[in-house]
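Notes to accompany the following structure.
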Amino acid sequence: AQKVTQAQTEISVVEKEDVTLDCVYETRDTTYYLFWYKQPPSGELVFLIRRNSFDEQNEISGRYSWNFQKSTSSFNFTITASQVVDSAVYFCALSEGAGTYKYIFGTGTRLKVLA
Amino acid sequence: GAVVSQHPSWVICKSGTSVKIECRSLDFQATTMFWYRQFPKQSLMLMATSNEGSKATYEQGVEKDKFLINHASLTLSTLTVTSAHPEDSSFYICSARDPNPPPDRVWDEQFFGPGTRLTVL
């Protein structure tokens with residue numbers, strides 16, 4: 001069965017600290033997509049990144065970086081020099097692939113960045 | 001591009017009434033739309049998959065007669081919560097899939113609406 005695990009329920013850091021949000025997934029598909037979304041208090045999901053199963057290159061976008069490792073089925077997200085505006089709930093999601101196109105969401109990690 | 005809107009943003013209704021939530025893809029045609037429900041401090045739970053011109057496919061445990069879904073056009077899907085009760089109070093989010101994505105997108109990608117907060121008194 002397909003599954004996404006975000007073991008960290010809530011993380012608190014002080015501004016300017018680096019923080020890594022973990023995401024571990026399970027799937028039997030060889031082709032799949034992984035996503036990260038940010039959900040601020042307003043509720044609207046903000047797309048952060050998409051990664052397909054054949055692209056294991058790590059990605060950096062400003063203060064954000066992602067580490068995709070198929071060997072450990074992990075797709076971790078790091079925020080460097082965190083800011084108060086980063087406070088939100090972050091969801092990792094796995095696409096079930098062609099046919100259903102459903103997303104499996106993790107339970108989310110609530111990040112609190114303290115000034 | 002790939003914008004999805006929802007209306008209303010929030011709604012308060014009395015117990016026993018029905019509430020309709022609209023989900024629109026503004027700049028693409030969506031053959032498939034999804035409806036999610038999110039309780040406070042919880043993850044998104046997929047309720048149903050809505051396919052244009054056909055009946056919705058509901059996830060296990062979701063009452064079809066309670067949550068009516070209509071996807072009558074390629075840009076509009078509606079969710080009607082019938083005879084709403086306080087336990088139906090939740091944040092409802094829709095998403096849409098573009099079946100003909102441009103080169104910088106993928107078939108699997110969903111675009112999410114801003115959500116509708118429903119409170120049933």
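Since the model is a prediction, treat every value here as computed from it, not as a measurement. Just so it is clear: chains get the letters A, B, ... in the order the sequence lines come, proteins before strands, and each one is counted from 1.
- Within 6.0 Å of the NE2 atom in H7(B), the count of heavy atoms belonging to other residues, nucleotides or ligands does not exceed 12.
- The backbone N or O of Y101(A) sits less than 3.5 Å from a side-chain atom of Q110(B), completing a donor-acceptor pair.
- Ring-centre distance between Y36(B) and F105(A): below the 6.0 Å cut-off.
- For T9(A), no part sits under 4.5 Å from any heavy atom of chain B, backbone or side chain.
- A single hydrophobic cluster is not seen to contain both L118(B) and I93(B); linkage of ILVMFWY side chains at heavy-atom distances under 4.5 Å, directly or through other members, places them apart.
- Minimum heavy-atom separation, R117(B) to S42(A): NH2-O, 4.2 Å.
- Here Y37(A) and F112(B) bring their ring centres to under 6.0 angstrom of each other.
- For K66(B), the NZ atom counts as densely surrounded, since its 6.0 Å shell holds more than 12 non-hydrogen atoms of other residues, nucleotides or ligands.
- Contact residues of residues 38-57 of chain B toward chain A are Q38(B), K41(B), Q42(B), S43(B), L44(B), L46(B), T49(B) (heavy-atom distance under 4.5 Å).
- Following chains of ILVMFWY side-chain contacts shorter than 4.5 Å, one cannot reach V24(A) starting from Y32(A), and the two form parts of different hydrophobic clusters.
- By the criterion of side-chain heavy atoms lying less than 4.5 angstrom apart, applied directly or through intervening Ile, Leu, Val, Met, Phe, Trp or Tyr residues, I49(A) is grouped together with Y64(A) in one hydrophobic cluster.
- Surrounding CG of L121(B) are more than 12 heavy atoms belonging to other residues, nucleotides or ligands, all under 6.0 Å away.
- Atom CD of Q57(A) has 12 or fewer neighbouring heavy atoms from other residues, nucleotides or ligands inside a 6.0 Å radius.
- Linking Ile, Leu, Val, Met, Phe, Trp and Tyr residues whenever their side-chain heavy atoms come within less than 4.5 Å leaves M33(B) and I69(B) in two separate clusters.
- Only the side chain of F91(A) comes within contact range of chain B, with heavy atoms under 4.5 Å apart.
- In the hydrophobic cluster analysis, where Ile, Leu, Val, Met, Phe, Trp and Tyr join through side-chain heavy atoms closer than 4.5 angstrom, W35(B) is grouped apart from F91(B).
- Interface remark: Q6(A) contributes no atoms to any contact with chain B (heavy atom separation under 4.5 Å).
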